[in-house]
Each structure stands twice: as structure tokens, then as C-alpha cells.
Amino acid sequence: MSLFIKKPVGLLIKEADNGEKGLKRTLGAGNLIALGIGAIIGAGLFVRTAAAAAQHAGPSVTIGFIVAAIGCAFAGLCYAEFASMIPVAGSAYTYSYATMGEFLAWIIGWDLILEYGVGAATVGIAWSEYFNRLLGIFGLGIPYEWCHSPFEVSAAGVSGIMNLPALFIVFLLTLVLIRGTKESASLNAIIVILKVAIVLIFIALGWHYIRPENHTPFIPEPTSYTNSQGITTHFGGIMGILGAAGVVFFAFIGFDAVSTAAQEARNPKKDMPIGILGSLAVCTLLYILFSYVLTGVASTEDFRTHGREASVAYAIDHMAGQMVNGQWVPQYGWLSNLITIAILAGFSSVILVMLLGQSRVFYSMSRDGLLPPIFSTVHPKFRTPYKANWIILLLVGIFAAFVPGDIVGEMTSIGTLFAFILVCAGIWIMRVKHPDVPRAFKTPAYPVVCTLGIVVCAAMIFGLGWTNWVRLLGWLLVGFIIYFGYSRTHSKLQQGRVALPRDPIDPLNPRATDLER
């Protein structure tokens, strides 16, 4: 049995036709840019920015965003070429299975669990922070121990037990997915406009309240910082910026959604790079301005203490106001409240999309035999992979309820960075081994772009520190155990259930599927 057996493209096309009846090419460059912006802006910006400033870089988190964007741009160009080679919609798992073989497809699929599953937990924890902030508007609140993990301790010495609000929102949205949900272009457009409006309002308003002392020095001297979980990280200097880039990289996760729409682009060769780089350029500009204002209106120490949670709302409340009877009365409290509600709505949609993506990755891997059939069992009425949804709820719920947001956020970032390295390397492999495969789009400046993508993503992994390296290695080890213990022996390709003699129309595979069987 070969570790690098490839899934025939003909089979991918047939599977896509069975479920989708073909996709229309209706998306132009503008549509793809809007899709990318909608997928990118979320918890990474509204939560992870403050965490990166507090733990790694201070105000130079702005430079971290630039480094992360460069890595995403290189990887995005490689994603676009992969998507254009395989004429079906799907994730990196799908087309890596057809181009690089089963073992690397498994690794990427296993990493996608970090991107979608653990990423959903990260956003769920962020949702919990802003939900508690919303309750505070009405004089209510959830006790610290029931909205934090057991590994977190408040300034007053109260230890967390479990994060109930994070678990609740994941459970609620899982029920929505099980019953089935239809995409609404109008609703998605409103949410995109809402999120961009939040960013623009905060930048425009907060610019006038930037305190120069909060940006001095802009790049702090190299030192170290120990967080509430007792984990020590590099702070300041080059290592601090690289660490911040790895943390805020979470803010860019979702841009690869543009590459999965290659089958629906009117002119993939032209529109895909415009969509990917255009959405990255717009979001990077907004992120740089947003992080510059955020670290200017509140200090690094604020983000380590009182402003650690719901950091945007905290910054708005404290950038202008006055003391009344010994209490601080914010000038823009109304705006803080409205933005809190808008962020909660935006977070909910992101969690829904991540849970949906995770269930579809499990569904695809199960249909290939790499996971048990339970993951591809479809509900007789709702026609959704409901059993997979319940299992994902258990997985995501454990992370959301019992693991701190900093840890799950960095796990998501490092897993996705590793997958991006494999994608960049994969383009290099494909150019060498299969130079004649038709490509609607080719990564420019090959192999420079592939190499730089690998180097920049590896640098961000290095900046995240050894604790995250250990977590990634542990995660991969679990994946290897599952693959060699179950997946390899149950793979439909390994069993020869779909592979037949050479198909002359499929240049990627020496053997292909008998579509008439």
C-alpha cells in the first residue's frame, strides 16, 4: 500500500456532480474580494490583536500584521494554483489528495481540524467575552468561574471552572447546522458591511484619542512576559514581532475561502489572484490602522489586566469620558454597546461557517474511508451529516469550555501555518513532477514565491515559541496514530475500490476511476 496514492480527478468530478449538479461561473473579482473580506474579519481582529500586543509586541503588533499578511499572500497565490488545477469545489484536503497523495492529504485534513474545529472554539471563547460585556450593560453578569477555563485565574484569585457561554453558543449553532441552514447572500452582505463599519468607525473615532506615550517605544526592548497560565513568551524586539505575527495570523484565517471558489469564478486566471490579494490588501490596511489606534488609545498594560477581555469595547469606553461621583462615565458608551452587539452577531456567523466547514471536511474524509462511516451518515430528513455535527460539538465544546482562548487561538494559527507550508511545498512538487497539468492560474515568480511562503510561515511558527511547537507535534502524533491505526487500512483507494487501469484524460493519476461502475 502506497502512502502517496492519489485520488483520481475523474472521481472528484463525479462526486461533485452528484451533490451539486455543477456550479455556475458567476463570481467576478469584486465578488471574490467581498467574499474574502467577509471571511477574514472576525475574532482574530477584535480579540487576538490585544492578546498579541499584551504578550508579544506591544504597539509593534502593527508590524506583526504586515508580516502575517506577507505570508498569507505567498500562500494565497499557491492556493489559487492548486484550486485551478482541480476543477471541483473543495478544501486543501480535496485537491491535495489528487495531487500530492493520501498521506499528505491526511496531514492537511488533520490540520484543517485545527483551523475549523479549534478555530470555532477560539471564536466561541471570544463570543463569551463580549456576551458577558453585553450582560454588564443591563447590570447582569456570569460569575468568573463559569465563563473561564480551569487554567485561568482572575485578579481577585478566583479560578475558572468551565466556560458555559462558549459551550452554549457552539451547542446552539450545532443545532442550527443539524436542521440545515441556507446561505443568504443579503444577510452575509449585511454582516460584512457591519464588520467593516465597526472597524472604520473605531479607526476614525479613536484616531483623535491616541496617546503618544502608549506608542513609546513603538518596538519595545526584548524581554519576556509570563501570562496568567504561567507560560513565558518573548516580548519586544524581532522575536516579539514574529510571535505577534503568529498570533494575529488568526485574523487572516479565512482568506483561503476565496481559493475554494475557483470553480465559480468567471475568469479564474485573472479573478483568483485579484480576489485573494485584493481581499488581503484591504484587510491588511484596515488591520494596520485598527491595531495602531487600539494600541494608542489603551496601553499594553491595559490589555494585560482590565482590558484583556472585550478589548475593543474597553478601549472605546476609556478613550474619552469623565469621573462622576468616583466612577468613570464613558463618553461613547452607546457606541461601545452597539459595537458589542454587532461583534456578537459577526462572531456567531463565523462560528457557524467554521462548524460547517469542519463537518464537510470530516464528511469528505469519511467518504474516502479515512474516517469511520459515522462521519458521513446523513440525516434522513434534514440531509445533513448530523452524527458528525454531534461529534464535532463534543470536540469543539471541550476546547471552548476547558481551554483558555490564548492557547486554542495559537493552536489554530500554528496548525494553519503548517498547512500553508505544505501547500507552498506542494506547488513546487507539482511543477517538478507534473509540469504539463492544465492550470487556469499559475503562481508567479516560481519557485521564489513558494520558497518565501515556506520561509515566512516557518518564521511565524518559530516566533510562536516551543510550547506551541510541542502542541503541534502532539497533534500530528495523534493524527499519525489514527492514520496508521485505522485510515490506511480502511482507505477506499488503498483497498482498490476506486482505482482502475490508466485513464488517458487524467494526467495526474496512473490509474483512475471507472465512472460507469
Side-chain angles (χ1 to χ4, degrees), residues 43-66 126 129-130 132-133 136 152-156 198-199 201-229 231-248 251 286-323 326-333 335-336 339-340 343 404-406 409:
L45 180 63
F46 299 127
V47 175
R48 304 306 295 157
T49 302
Q55 300 179 23
H56 293 279
S60 62
V61 66
T62 301
I63 303 175
F65 271 114
I66 297 174
E129 294 178 9
Y130 279 89
N132 220 16
R133 170 68 176 73
E152 295 176 286
V153 181
S154 71
I198 292 171
V199 176
I201 291 172
F202 179 77
I203 292 171
L205 189 62
W207 195 272
H208 303 287
Y209 297 97
I210 292 176
R211 299 182 181 93
E213 62 269 22
N214 290 337
H215 281 159
T216 305
F218 192 74
I219 302 179
E221 290 295 321
T223 181
S224 61
Y225 169 71
T226 302
N227 64 18
S228 58
Q229 290 89 52
I231 298 174
T232 300
T233 59
H234 292 285
F235 182 85
I238 298 299
M239 287 301 298
I241 291 174
L242 288 177
V247 171
V248 300
L286 292 177
Y287 284 6
I288 291 172
L289 294 174
F290 182 93
S291 59
Y292 185 82
V293 173
L294 185 67
T295 55
V297 298
S299 68
T300 300
E301 190 59 33
D302 287 333
F303 296 133
R304 293 175 175 177
T305 54
H306 306 293
R308 181 175 179 272
E309 299 182 2
S311 52
V312 178
Y314 174 88
I316 293 173
D317 280 344
H318 289 79
M319 66 186 180
Q322 58 182 338
M323 295 295 295
Q327 288 189 328
W328 177 260
V329 179
Q331 180 177 342
Y332 299 105
L335 178 61
S336 173
I339 284 181
T340 297
I343 289 177
D406 291 341

Partner residues of His215 under the side chain to side chain donor-acceptor pair (under 3.5 Å) criterion, sequence neighbours left out: Thr295
Decide yes or no on side chain to side chain contact (heavy atoms under 4.5 Å, CB included) for Glu129 and Val47, but give the supporting numbers first. CA-CA 9 Å; Glu129 294 178 9; Val47 175; 4.2 Å; yes
What residues form a side-chain contact (heavy atoms from CB on, under 4.5 Å) with Ile198, not counting sequence neighbours? Phe46, Ile339, Ala342, Ile343
Correct closest heavy-atom pair for Ala298 and Phe303 would be CB-CZ, 3.6 Å
Which distance, rounded to the nearest 0.5 Å, do you find between the CD1 of Ile66 and the CD1 of Ile63? 6.5 Å
Rounded to the nearest 0.5 angstrom, the CZ-OG distance for Arg308 and Ser154 is 11.0 Å
Nearest heavy-atom contact between Gly237 and Pro222 is CA-CG, 3.9 Å
Electrostatic pair Arg48-Asp406, nearest N-O below 4.0 angstrom: yes
Partner set under side-chain contact (heavy atoms from CB on, under 4.5 Å) for Ser291, not counting sequence neighbours: Thr49, Val61, Thr62, Phe65
Distance (rounded to the nearest 0.5 Å) between Tyr130 OH and Glu309 CD: 10.0 Å
Heavy-atom closest pair, residues Phe218 and Pro59: O-CG, 3.3 Å
Using the test side chain to side chain donor-acceptor pair (under 3.5 Å), find all partners of Asn214 that sit at least two apart in sequence or belong to another chain. none
Between Arg211 (side chain only) and Val297 (backbone N and O only), is there a donor and an acceptor less than 3.5 Å apart? yes
Which pair of non-hydrogen atoms, one from Leu294 and one from Ala50, has the smallest distance, and what is that distance? CD2-N, 4.3 Å
Just verifying a value: how many Å separate Thr223 OG1 and His234 NE2, rounded to the nearest 0.5 Å? 10.5 Å
Closest non-hydrogen contact found for Gly58 with Phe235 is N-CE1, 3.6 Å
Who are the side chain to side chain donor-acceptor pair (under 3.5 Å) partners of Tyr292, not counting sequence neighbours? none
For Ala52, does its backbone N or O pair with a side-chain atom of His56 as donor and acceptor, under 3.5 Å? no
Any sub-3.5 Å donor-acceptor pair from Thr340's side-chain atoms to Ser336's backbone N or O? yes
With sequence neighbours left out, the residues meeting side chain to side chain donor-acceptor pair (under 3.5 Å) with Thr232 are Thr226
Is there a side-chain contact between Val293 and Met319 in this structure, where contact means two heavy atoms from C-beta onward sitting under 4.5 Å apart? no
Please answer whether the main-chain N or O of Leu205 pairs with a side-chain N or O of Tyr332 as donor and acceptor at a distance below 3.5 Å. no
Specify the closest pair of heavy atoms between Arg304 and Ala54, including all atoms of both residues, with the distance to one decimal. NE-O, 2.8 Å
